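Here the structure is laid out as structure tokens; the discussion comes afterwards.
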Amino acid sequence: MVFVSALFASTFGLILGLALEVTKPHQILPHSQAHHLLEMIINIGRSIPFIILLVAIIPITRWIVGTSIGTVAAIVPLTIGAIPFTARLIEAALMELPEGLLDAAHAMGLSSLQIITKVFIPEALPGIFNSIIMTLVTLVNYSAMAGTIGGGGLGDVAIRYGYQRFDLKMMLLTVLILVLLVQLIQYAGHYLVKKCNHR
Amino acid sequence: MIELIGINKIYKRGTKTFHALRDINLHVKARKIFGVIGASGAGKSTLIRTINLLEQPSSGEVIVNGYHMTRLDKEELSLMRRKIGMIFQHFNLLSSRTVFQNIALPLELENSPKEKIHARVNELLNLVGLCDRAHAYPSQLSGGQKQRVAIARALASSPKVLLCDEATSSLDPQTTRSILSLLKEINAQLGLTILLITHEMDVVKSICDEVAIINEGHIVEQGAVSWFFGNAKTDLARNFIESTFQLKIPEEYLTRISSEPMEHSFPLVKLGFTGTTVNKPLISEASRIFEIDINILSADIEYAGGTKFGYLLAELVGESHQCEAARRFFIEHHVQLETLGYVTND
């Protein structure tokens, strides 16, 4: 549930984040109307508390998956909730790139698509991987809330047994597993970032 | 090879307008090295960026190798830019690619076959002297090495023109010299036309054939370097030239100098040698003819564009009418003479 959501969120978040960055005034595809629209969408997405979003998009979930209950259904709100977050992280990773890089890219006669594929993405890769890891960890967190609408998973166990049944042992156990999971994710992420970072 | 005709660039910031370039006219002949010098903010960066249209001129024509740059569509501009190489002050290499891959990038755009790319990159690595660092990443290189990679990358598509945007401003003097000599070599070997901008007159002195001075968006003066250093007309040009010469009156003389001749005082003169100065050993001749000692305190004499020029600070020690005659002698032989004061011996 978490990993699949992260996959979708990362893909759409990357596209959205790229779009957000390249439509800025001094970028390769400046378009102030598109930029403002994207800003608005992302800001709204970031403002809605996840637990409310979960319930609010039940109709959309039903339309895509056919039901609003269960692990697969939970993927929809998890993905939608994470996309604006991921987009902002990707935007930040792209903003880190030195301005002069664009000058060199233009001077070499690269097209906008070539700039995105040959310059932006490879150069920002450490930042992009970092964004994906952060998204993943955030989703582990959100998945607990998804448990409240029957999303299943560890979060669900923690809430049902730990919170609703006051079974402290169970709650602590699930939290421990979650902590270990996040450690593993961070460790793997750290390794990936290190491998691709030649700065 | 490069022509700028009536170029203007105006930036609008809210209600204010900033006139970065004013009616610029420039002609860079093929196979020549042309330098544009100016203080920070003078407009030289804007000027060089209009040549490959990194900056769109507000009005005027930019013609490179016969092509009117402002009239090209997006695709044509892309293709044209590959025929114009550019290097920058901060190198702008891709940190995620090795030296080899950085140089190969322009060739990848042309969809050249792999073997062709390999051969060409190796050729370029040889040219810039980096064969042993082909698989290093930019973060592992020194500034001079990074600039060499940048030069190799800029030359990958065999451009006819190379633009250098303050290419040596981030480098130490020794590295600057080696990069400049590499550029001079490339110009000679490949017949590459080079336009460079800088705020350091030394750069212009060492490799340029022609020079233009820019100030507040105007080209103040321009000409061949060999003519320029001795014959610059405007004060601004002269100031720039003089700023490159390190001439200081030593401390111990500063305390003993006065503006009027006094008893037992000797003139302290500044002698300026230019392209029009008679090419004879004037110092030793004057010393012999007028029986005076010429005590050289400070000197900076160089060659640029094949002409000897520079300045010399000297004390003329001898009888006052002989010193006077010596001064006239220098002036007659087209040495610029300025009496800075009179020094007394204690």
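Reminder, nothing fancy here: chain letters follow the sequence lines and each chain counts from 1. Source: prediction; values computed, not measured.
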Counting neighbours of OH on B/Tyr11 that are heavy atoms of other residues, nucleotides or ligands and sit closer than 6.0 Å, is the number greater than 12?
yes

So does A/Phe8 have more than 12 non-hydrogen atoms from other groups sitting under 6.0 Å from CZ?
no

Looking at B/Arg81 and A/Met108, would you say the former's side chain and the latter's main chain have a donor-acceptor pair under 3.5 Å?
no

Going by residue number, which parts of residues 119-141 of chain A are within reach of chain B, meaning a heavy-atom gap below 4.5 Å?
A/Val119, A/Pro122, A/Glu123

Check each atom of B/Lys83 against the heavy atoms of chain A and say whether the ones under 4.5 Å are side chain, backbone, both or neither.
neither

Residue by residue, which of residues 113-145 of chain B have a heavy atom closer than 4.5 Å to a heavy atom belonging to chain A?
B/Tyr137, B/Ser139

Check against side-chain contact (heavy atoms from CB on, under 4.5 Å), B/Glu108 and A/Lys118:
CA-CA 10 Å; B/Glu108 287 171 21; A/Lys118 287 185 183 274; 3.0 Å; yes

If I take atom NE2 from residue A/His106 and atom OG from residue B/Ser78, how far apart are they, to the nearest 0.5 angstrom?
10.0 Å

Neighbour count >12 (heavy atoms, 6.0 Å) for atom NE2, B/His68:
yes

Partner chain A: residue of B/Leu79, B/Leu77, B/Leu105, B/Leu109 with the largest heavy-atom pair count (under 4.5 Å)
B/Leu109

Backbone of A/Gly100 reached by a side-chain donor or acceptor of B/Asn92 within 3.5 Å
yes

Tabulate, in ascending numerical order, the residues of residues 146-173 of chain B having at least one heavy atom closer than 4.5 Å to a heavy atom of chain A, or enter 'none'.
B/Arg153

Within a radius of less than 6.0 Å around NZ of B/Lys32, do more than 12 heavy atoms belonging to other residues, nucleotides or ligands occur?
no

Which distance, rounded to the nearest 0.5 Å, do you find between the CG of A/Leu101 and the NE2 of B/His90?
13.0 Å

Among A/Cys196, A/Ala104, A/Gly109, A/Ser111, who wins on heavy-atom pairs under 4.5 Å with chain B?
A/Gly109

Can you tell me how far apart CG (A/Asn197) and OG (B/Ser96) are? Round to the nearest 0.5 Å.
10.0 Å

Within residues 51-64 of chain B, which positions have a heavy-atom distance to chain A below 4.5 Å?
B/Asn52, B/Leu54

